[in-house]
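A short write-up of the structure that comes next.
So you know, we letter chains A, B, ... as the sequences are listed, proteins then strands, and number each from 1. This one's a predicted model, so the numbers in the text were calculated from it and none came from an experiment.
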Amino acid sequence: MDDILKVDSLGVSFGGIRALDQVSFEVAKGSVTAIIGPNGAGKTTVFNCLTGFYKASDGRIQFQDKNRTHSIEIILGQPFTLQDFVNPISFGRKLFYKMFGGSHQVAALGISRTFQNIRLFKDMTAIENLLVAQHRSLNKNILANLFNTRSFRDSEAQAIKKAKEWLAIVGLTADADRLAGELPYGHQRRLEIARAMCTDAKLICLDEPAAGLNHNETKDLSNLISRLRTNHNVTVCVIEHDMSLVMEVSDHIIVLDHGNVIARGTPTEIRNNPVVLKAYLGEE
Amino acid sequence: MDLYTIGQQLINGLVLGSTYGLIAVGYTMVYGIIGMINFAHGEIYMISAYLTAICLAVLTWMGITWIPITILLVLFGTIIFTSIYGFVIERVAYKPLRGSSRLTPLISAIGMSLILQNYVMVSQGARNQAVPTLIEGAITIGSEQHYLRITYVQLGMIVVSFLAMALLTFIIGKTSLGRACRATQQDMMMARLLGINTDNIISSVFVIGSIMAAIAGLLITFNYGSFDFYIGFKAGVKAFTAAVLGGIGSLPGAMLGGIILGMSEGLFSGFVNSDYKDVFAFSLLVVFLIFRPSGLLGRPEVEKV
Amino acid sequence: ESKTIKIAVAGPHTGPYAAFGEQMLKGAEKAAQNINKAGGVLGKTLEIVKVDDECKPMGAVNAANEIVSKYKANAVVGHFCSASTIPASKTYMSHNVIMVTPASTNPKVTERKLPNVLRMCGRDDQQGQVAARFISQDLKAKTVAIVHDKTTYGRGLADAMKESLSKVAPMVKEALFEGITRGDKDFNTLVTKIKAKQADVVYFGGLHSEAGPLLKQMRQQGLKAHFVSGDGIVSNDFVTAAGGSQFVDGVYVTFGRDPLKYDTTKNVVASFKQDGYKPEGYTLYAYASVEAIVAAMQSTKSTKGVALANWLKTNGSNTIMGPKKWDKLGDLTKSDYVIYRWDDKGNYNEI
Amino acid sequence: MRSALISGLFALAVFGPITGLVLDGYDFKAHPTRPFILATLVLAGSFVFNIIRGLGPQLSVGMTKRPQLKLSRPQQRSLLAGLLGLAIVLPFIGQSWITSLNFALIYVLLGLGLNIVVGLAGLLDLGFVAFYAVGAYGYALGNHYLGLGFWGAIPFAAVTAGIMGAILGFPVLRMHGDYLAIVTLGFGEIIHLVLVNWVDFTGGPSGMEAPPPTLFGMEFNAWSMTGAPLFHEVLGIEFDPSYGKSFIYFSLLAFVIGACYFCIRLKASPWGRAWEALKEDEIACRSLGINHVTVKLSAFSLGAMIGGVAGVFFAGIQELVNPDSFTFFESAIILAIVVLGGMGSIPGVILAAITLRMLPEVLRDFQEYRILIFGVLMVAMMIWRPSGLVKTKRKSYAKLEV
Amino acid sequence: MDQGVLTIDHINASYGPIQALHGVSLTIKEGEIVSLIGSNGAGKSTLLMSIFGNPRAQGGKVRLFGEDITSLPTHQIAKKGIALVPEGRHIFPKMTVEENLKMGTIVNQGKYEAEGLAHVYETFPRLKERKDQRAGTLSGGEQQMLAIGRALMSRPKILLLDEPSLGLAPIIVKDIFRILKEISATGTTIFLVEQNASQALKIAHRGYVLVNGKVKLKGNSADLLNDPQVKEAYLG
Ligand SMILES: Nc1ncnc2c1ncn2[C@@H]1O[C@H](COP(=O)(O)OP(=O)(O)OP(=O)(O)O)[C@@H](O)[C@H]1O
Ligand SMILES: Nc1ncnc2c1ncn2[C@@H]1O[C@H](COP(=O)(O)OP(=O)(O)OP(=O)(O)O)[C@@H](O)[C@H]1O
Ligand SMILES: [Mg+2]
Ligand SMILES: [Mg+2]
């Protein structure tokens with residue numbers, strides 16, 4: 001199987017704190033990969049690096065898409081080196097990414113995410129949240145909009161159709177016109193996943209999607225994650241503290257502690273790994 | 001250009017800067033605590049200038065002319081009445097708006113500042129007002145021809161503004177009142193849940209801000225002598241600029257911002273051209289904020305994703 | 001058909017210049033009062049309406065529209081600021097209403113050649129000329145620093161002075177020509193600069209609210225240069241704004257011959273004093289403006305603006321400030337600018 | 001009762017020195033009765049207020065439940081048609097109001113422009129007057145130096161203002177909230193100061209003249225200074241200054257309607273949604289691949305363009321542009337229009353612009369108390385309706401058949 | 001029925017037009033641990049907040065130590081020896097960890113500050129490592145620890161917790177439940193809202209089940225744990 005993502009000796013520091021150190025792992029295309037670890041281990045930080053919100057101080061992240069490899073760190077803009085001043089092509093490329101690069105470009109590659117603290121557009125309706133997610137692929141010509149041309153109408157209709165489809169998939173059709181901020185917590189979680197999917201993501205990163213959900217709701221969620229993979233062709237990365245969910249959905253688990261990968265393997269391997277038991281699960 | 005001229009221009013800039021700093025400190029105080037641009041702060045300063053002159057006139061009428069006593073009494077009176085203004089304004093125009101969108105109190109503040117300006121104009125008349133020159137002397141260094149000079153009032157202004165800033169920094173940073181203020185600013189609901197009477201905190205912030213405005217009003221009025229009901233607006237904008245330049249909510253920042261603003265304005269007009277001094281000051285601000293989007297001493301808003 | 005003849009006093013009745021609006025209003029009201037006592041005009045009584053223009057162009061156009069449409073006034077005394085007189089005058093013209101400004105000295109007011117516009121005061125270029133001659137001939141200045149307040153009035157005056165000076169005394173050096181900002185109080189840097197350039201005369205185009213602090217700061221820094229200015233600072237407030245009479249000693253200003261000194265004004269001045277008001281600055285100019293308008297109305301038996309203006313331009317008029325004559329543009333033919341000097345008691349006297 | 005007494009005492013302390021002792025030179029005059037009258041008024045007022053509040057819940061329930069105006073589609077249509085009809089006949093009824101109406105319409109345009117920036121995109125702009133100035137001076141200078149006519153100046157000014165908007169937008173991209181506010185305020189001041197100081201180019205404080213708009217080359221003047229044909233002569237009617245004003249009124253009305261349509265379309269377009277999303281959460285937007293740079297710049301530019309057009313009309317009405325018309329106060333009023341209108345609501349902006357602009361005219365009878373009362377009403381309106389006059393209604397996408 | 005430490009008597013609460021609580025009553029006695037469970041949007045958080053008057057309870061009464069606090073302002077309620085770990089943590093993001101903790105003692109003018117800090121740092125060593133870090137930059141779980149620590153600082157007589165286990169690693173969750181039992185043993189009354197129903201009921205003496213803003217079931221936790229309805233809906 002191909003790897004859609006390769007992370008190679010990633011390192012991040014905040015002031016004196018080394019949040020990530022030499023983190024390396026791969027994510028296989030079409031898999032569900034879970035990242036677990038104690039609080040403050042650096043899981044969210046890994047996601048932030050993958051999606052371009054933090055710039056790693058060292059290491060490489062490579063995203064493989066249709067035989068093309070993109071380096072996230074290049075998209076985020078790199079400092080100029082002496083060599084760039086002799087090589088106009090690399091200079092131009094760096095300048096371009098310095099000026100226009102950033103996390104939105106990473107998202108445009110097909111990596112999207114949800115957040116540990118839900119970040120929906122609370123004062124917009126559920127369906128509007130999904131329309132915003134499709135912004136990139138819509139007809140944005142202001143004149144076309146002003147004269148309501150055929151192509152503009154088509155583009156809007158297409159977007160609404162897609163949004164409705166996703167609302168149906170996550171079971172929120174009834175809530176389409178409600179404000180996102182008013183929805184119960186569990187619904188918000190699902191809406192955020194649908195929103196991330198509406199960007200045509202190839203890799204979706206879910207940060208603690210089951211937090212605040214009760215037992216039954218967690219079950220529904222794990223169903224949804226499996227369906228995302230099988231029916232919608234995306235690769236899923238998930239951070240979660242709820243072990244029942246992790247064990248159920250994931251193919252591969254990576255365990256972080258203090259910014260280091262301390263274990264990796266299949267759910268059964270991890271469940272029985274003494275290091276993980278001690279550091280994370282707290283079972284003797 | 002000789003050294004004395006350069007030195008004198010530096011002093012001039014510092015004096016101007018300390019007037020901005022004095023007002024900016026009160027400004028940033030309110031601003032840092034309730035996160036609202038209190039456009040009426042400049043007007044409170046303007047009121048305090050009037051109160052200074054009124055107190056002085058009343059004292060003269062009563063026959064109190066010994067200068068130290070006069071100054072103390074004027075200061076006392078100005079502070080009392082100005083802080084009542086601050087208190088009342090907060091209760092009337094801002095308290096009812098608590099919890100609504102950020103811009104609502106901003107508009108209310110603009111309305112309030114129109115009210116105060118015109119209220120003073122209607123009751124005191126539109127003409128320019130002034131106080132007599134109470135303290136004349138100055139410190140002069142140098143020869144008959146070439147010298148540096150700073151008047152006692154100017155010196156007082158610089159000293160007081162630094163003292164006030166230091167005192168306020170201490171209050172905010174080290175006392176429990178200060179901690180309660182910061183808590184109120186960051187999460188008002190949670191502050192209440194921890195037992196903080198946020199309404200009182202906000203009122204006391206306004207009162208402290210007004211006291212600062214009163215001190216500023218007194219010193220600046222004594223220094224320049226002349227004022228009208230319109231001075232508040234300009235002072236407000238400059239103080240706001242200084243506060244932002246220094247980093248919103250940072251008291252030393254406000255002082256520093258004021259000094260930098262005053263210095264750059266003063267030096268530009270002293271050595272280049274006074275027509276464009278404000279253009280220069282604002283351009284400086286813009287350029288500066290591009291490179292340091294959270295001001296000189298303001299800590300960058302880190303938002304954890 | 002209205003029972004009164006309405007004269008609008010348009011000027012700044014609110015805002016930072018409101019003091020001048022009051023001067024004009026008091027003068028016009030007193031004139032109306034006296035004329036009504038003497039039997040009114042065209043068999044009707046004279047009514048003064050006060051309209052605020054905030055000294056802003058936009059306020060002026062609004063005010064002008066209100067004057068012609070709402071009050072349907074027959075004549076206008078005003079405005080004060082040249083910046084509002086200029087845009088408003090056109091509205092009066094299209095409604096054929098006469099406008100006499102007692103205070104707008106900017107040349108542009110009349111140079112637009114509107115047939116309904118007259119002024120009761122001099123022009124900045126006349127004033128500048130008097131000042132320039134005084135600075136070069138009487139003060140024998142070698143280096144002059146020219147400062148203005150960037151307003152239409154202040155800058156206009158400074159420009160006019162500068163131009164005259166370069167004509168009458170080309171050898172006088174210009175230390176600097178700079179603007180300060182209205183509302184500012186700190187001019188220390190400018191003073192230091194003037195001091196460094198060793199100017200012996202400072203000419204200021206602007207109003208007393210800035211002139212006062214500027215003068216005080218000059219003296220505090222030990223700059224002994226002469227201070228010369230125009231009609232905008234002629235007010236007792238100048239003394240208080242400067243921080244006391246010790247600072248204004250030796251200041252020179254150009255101003256029309258003091259209307260209070262004319263024999264003709266004695267009664268009026270006394271009656272003002274009875275009301276507890278000291279006629280200052282433009283009070284009597286406004287009084288005279290009303291008189292001129294009324295004289296024209298009496299003679300032409302009309303209230304049509306262009307007709308009134310033309311009558312005044314051909315016949316002139318006798319006012320409280322003496323006989324006045326106008327040229328084709330509507331400017332006074334005779335400028336009566338003279339030099340005054342302030343003493344250490346805070347009084348000013350013609351020299 | 002006690003609280004009324006306390007507020008009375010506070011009022012006495014507040015009004016005491018300022019209204020009671022009036023400065024006169026270095027001296028003062030006492031007006032001892034004034035503060036007592038004012039304090040008594042406050043005391044009585046707060047007494048009445050307390051009684052009303054004490055009257056019990058039955059009254060307060062009635063007050064908190066605001067009548068909701070819900071209109072069906074055809075009702076909306078007829079209301080709109082009615083308003084339009086009113087707008088068209090208005091100049092024929094109230095000639096004396098027409099200049100004020102013209103200014104009100106200009107403020108509607110300005111409000112709509114700033115509404116894009118502040119109301120929709122959530123970028124606090126305290127220097128919007130800069131674009132208004134660019135438009136007005138664009139016309140005056142374009143006319144003076146390039147011989148540009150009024151109608152030619154409109155696209156010219158719109159494009160110039162739009163570019164200025166983008167220029168301003170670029171450096172402030174990294175700034176948030178109040179930092180953005182001060183930079184925009186600074187930008188507005190810079191433009192103002194340049195207009196004041198650059199006398200050779202802009203005419204400085206005296207400003208620059210701009211001819212009024214023409215209709216197919218016909219002027220609306222009593223007589224022509226340029227030799228152009230005159231409207232009343234061509235039509236063979238008697239001259240009346242109201243023709244010119246009415247002409248401006250109808251042209252402005254057409255532009256306002258156009259701008260409204262433009263804004264309504266924009267609001268429900270990908271841009272409108274992206275602005276709103278960006279206002280709520282920039283990080284979430286970036287995670288969805290939305291380029292916040294283009295989204296913010298588009299808001300600044302489009303808003304500025306509308307502001308620029310308003311400026312051209314302003315110059316055409318005033319026939320003179322002057323830096324005094326473009327001060328911070330103007331920005332503040334425009335911002336107040338947007339906030340009072342209800343942040344993003346187009347009918348709200350129109351209502352607020354007309355209210356705030358007509359109010360000072362209505363209050364003219366109060367003379368020097370005018371601005372004071374205006375300020376009081378501004379504060380009172382904010383307290384009465386903190387979230388604006390009109391609440392925005394969301395478009396229901398779910399009901400759209402696709 | 002004997003007087004509880006906290007009694008809630010038929011209260012309603014609403015957000016504008018939406019009514020979230022419908023006549024809820026419950027009693028908590030001294031030294032008890034009481035759990036409140038219910039699905040998403042049932043009104044659990046609303047109930048906790050309305051004890052503090054936000055939104056204000058209507059229709060009924062809230063009594064704390066026998067005193068009617070229904071219409072007291074929030075900050076005065078907070079001074080009566082009651083502390084809350086709110087939903088969404090609500091730490092002060094720009095203060096350091098230690099300053100945040102000290103805020104917990106502001107009700108009693110800094111009493112027990114030193115002991116409190118020592119105790120919290122002992123319970124959550126992670127917070128000690130990060131004591132000078134700005135709280136807003138902590139990881140989700142660290143913030144949760146901080147919110148719990150802050151509530152413990154004032155040594156409340158009654159402690160209300162809204163989903164304290166949210167976002168915490170299994171090992172810490174175990175710790176939290178252990179600590180709650182310890183605190184309870186020292187006489188502190190605890191009112192616990194949890195999604196993790198089985199764990200919550202295990203440490204609790206009694207429990208309430210909230211459905212759509214109404215109390216649906218109540219009883220000893222052992223009974224509730226065996227109740228088929230509860231099992232089906234909340235324990236899985
Ligand atoms: N912006 C920042 N500044 C300083 N420290 C940070 C910052 N962001 C994260 N950290 C620190 O880095 C460490 C890793 O944080 P991260 O959010 O990745 O943890 P996590 O594994 O997601 O934990 P949790 O399960 O609690 O969410 C934490 O100790 C945190 O305090
Ligand atoms: N600020 C608010 N404005 C409007 N409605 C709200 C608000 N907060 C909560 N609600 C509504 O009130 C009801 C109860 O919400 P509450 O947060 O109390 O539920 P909960 O039981 O705590 O749920 P959760 O398990 O998700 O925390 C829900 O229907 C919710 O949608
Ligand atoms: Mg995390
Ligand atoms: Mg909850």
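Side-chain N or O atoms of D:Arg34 include one that pairs as donor or acceptor with a backbone N or O of D:Thr19 at under 3.5 Å.
One finds the CG atom of C:Leu215 at 5.0 Å from the CZ atom of C:Phe238 (value rounded to the nearest 0.5 Å). One finds the CZ atom of D:Phe374 at 8.5 Å from the CG atom of D:Leu377 (value rounded to the nearest 0.5 Å). In this structure, the separation between CZ on C:Phe177 and CE on C:Met161 is 8.5 Å, given to the nearest 0.5 Å.
Interface remark: of the candidates D:Thr327, D:Asp324, D:Val321, D:Asn197, D:Asn197 forms the most heavy-atom pairs closer than 4.5 Å to chain C. The choice from C:Ile86, C:Thr240, C:Thr91, C:Val68 that makes the most heavy-atom pairs within less than 4.5 Å of chain D is C:Thr240.
Heavy atoms closer than 4.5 Å to chain D are found nowhere in C:Cys81, neither backbone nor side chain. For C:Val239, the part sitting under 4.5 Å from any heavy atom of chain D is the backbone (N, CA, C, O) and nothing else. For chain D, no part of C:Ser82 is nearby; none of its heavy atoms comes within less than 4.5 Å.
Checked for salt-bridge contact, C:Asp343 and C:Lys345 miss the test: no charged N lies under 4.0 Å from a carboxylate O.
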